[in-house]
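The block underneath contains the structure these notes are about, expressed in structure tokens.
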Number of protein chains: 2
Amino acid sequence: MKKKRVQEKIKARSVPFSQTRSRHASETAEDYVEAVLDLIDEKGECRVLDLSRFFNVSHVTVSRIVKRLNDADLLYTQPYKPIELTDKGYKLAKKSKKRHEIVLAFLIKLGVDKANAEIDSEGIEHHVSPSTLDAMKKFLK
Amino acid sequence: MKKKRVQEKIKARSVPFSQTRSRHASETAEDYVEAVLDLIDEKGECRVLDLSRFFNVSHVTVSRIVKRLNDADLLYTQPYKPIELTDKGYKLAKKSKKRHEIVLAFLIKLGVDKANAEIDSEGIEHHVSPSTLDAMKKFLK
DNA sequence: CATAATCCGTAGCCATTGCTACATTTATAC
DNA sequence: GTATAAATGTAGCAATGGCTACGGATTATG
Ligand SMILES: [Mn+2]
Ligand SMILES: [Mn+2]
Ligand SMILES: [Mn+2]
Ligand SMILES: [Mn+2]
């Protein structure tokens with residue numbers, strides 16, 4: 001086969017990797033808004049240190065990310081004040097949480113023990129296309 | 001509930017995130033050795049530019065990562081020479097490829113179209129515990 | 001063998017996400 | 001109210017993975 005053809009064939013396989021990188025780029029935002037939603041729900045408010053404990057990272061890491069998500073209009077933060085979700089952040093949180101719950105329930109129904117299902121679903125949720133999510137929903141019914 | 005108890009409860013939920021970060025840290029190595037294995041198999045040899053096309057990133061990004069994986073004893077590289085796998089790299093590649101194939105076959109059997117299954121499995125493969133992999137294997141039988 | 005094309009390395013930039021150390025603000029306790 | 005504790009912010013470092021620009025090495029072409 002011609003060299004060019006071989007190269008094009010190789011390049012054609014790059015799509016899943018580009019997509020995976022793109023999904024990883026949105027992962028932090030999704031996990032953070034979901035965490036803020038949960039923490040407000042369970043604790044009444046969400047603080048930097050709550051997120052720091054929730055993710056097991058330093059408060060500095062959280063503080064920087066929260067600032068970026070504030071700039072992205074996903075949440076609202078003021079110095080030394082609790083963190084709140086914007087409308088946009090709330091919608092993303094609800095959608096991410098729903099998807100996460102489906103993935104978790106799916107794994108459990110598939111026969112995975114709860115501990116592993118919780119661990120695996122935390123990563124898998126960000127790599128599930130609408131098509132795959134549909135297939136999981138059908139399996140759950 | 002006491003404040004301390006609440007904080008411990010929050011901290012307890014951090015395990016999946018720590019695990020997910022750890023898995024993302026091994027993802028590049030897994031994808032690269034798998035790619036080297038495939039490219040040698042299909043093209044006869046694996047070059048920096050092959051990987052650059054395969055992943056759709058610049059040759060500089062590939063070159064830096066290849067150097068790190070060389071230091072980690074996963075592959076063997078010399079300037080301007082083709083890239084080869086070490087024993088350790090070959091073993092990791094085989095294992096990763098096997099797991100990837102199972103995840104892909106699983107998604108297809110679940111009813112996901114091939115294009116989405118290929119995209120999603122590229123990310124999901126790195127978040128599948130032995131427990132989940134077993135469940136997928138059982139489902140395939 | 002000389003020239004052109006291709007491949008690859010290096011320098012240097014940016015963004016993200018992890019960290020420790022230290023400063024400042026806010027809340028709690030006395 | 002003041003001292004202490006807790007929470008948060010800031011400075012600055014490292015690793016990783018993107019990039020462009022440029023130059024040197026290798027290979028192909030004539
Ligand atoms: Mn989640
Ligand atoms: Mn997650
Ligand atoms: Mn992958
Ligand atoms: Mn992932």
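We use all heavy atoms of the structure for the numbers below, so side chains are in, but hydrogens, waters and symmetry mates are not. Letters go in sequence order (proteins before strands), and every chain restarts at 1. Here the structure is a predicted model, which is why all the values come from computation and not from measurement.
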Residue met sooner reading DNA chain D from 5', once B:Ala25 and A:Thr77 are mapped to nucleotides: A:Thr77

A:Lys88 atom NZ, neighbour heavy-atom count above 12 within 6.0 Å: yes

Exceeds 12 heavy-atom contacts within 6.0 angstrom, atom NZ of B:Lys98: no

Parallel, tilted or perpendicular: rings of A:Phe17 and B:Phe54 (30°, 60°): tilted

Sugar-phosphate only, base, or nothing, as touched by A:Glu27 at under 4.0 Å among non-hydrogen atoms: nothing

Touch class at under 4.0 angstrom, heavy-atom based, for B:Lys81 against every strand present: nothing

Whichever of A:Pro79 and A:Tyr32 has its nearest DNA chain C nucleotide further upstream toward 5': A:Tyr32

Residues touching DNA chain C, which here means a heavy atom under 4.0 Å, drawn from residues 45-65 of chain B: B:Arg47, B:Val48, B:Leu49, B:His59, B:Val60, B:Ser63

Can a donor-acceptor pair be found between the side chains of [X] and [Y] at a distance below 3.5 Å?
X	Y	answer
A:Asp73	A:Thr86	no
A:His127	A:Thr20	no
B:Asn70	B:Thr77	no
B:His126	B:His24	no

Spacing between B:His24 atom NE2 and C:dT16 atom P, to the nearest angstrom: 17 Å

Span of DNA chain D in contact with chain B (heavy atoms, under 4.0 Å): D:dA7 to D:dT26

Stepwise side chain to side chain contact (heavy atoms under 4.5 Å, CB included) check, A:Leu37 with A:Asp41: CA-CA 6 Å; A:Leu37 185 71; A:Asp41 195 48; 5.8 Å; no

A:Gln7 vs C:dC7: side-chain N/O to OP1/OP2 distance below 4.0 Å: yes

Under-4.0 Å side-chain N/O to phosphate OP1/OP2 contact, B:Lys67 with C:dG9: no

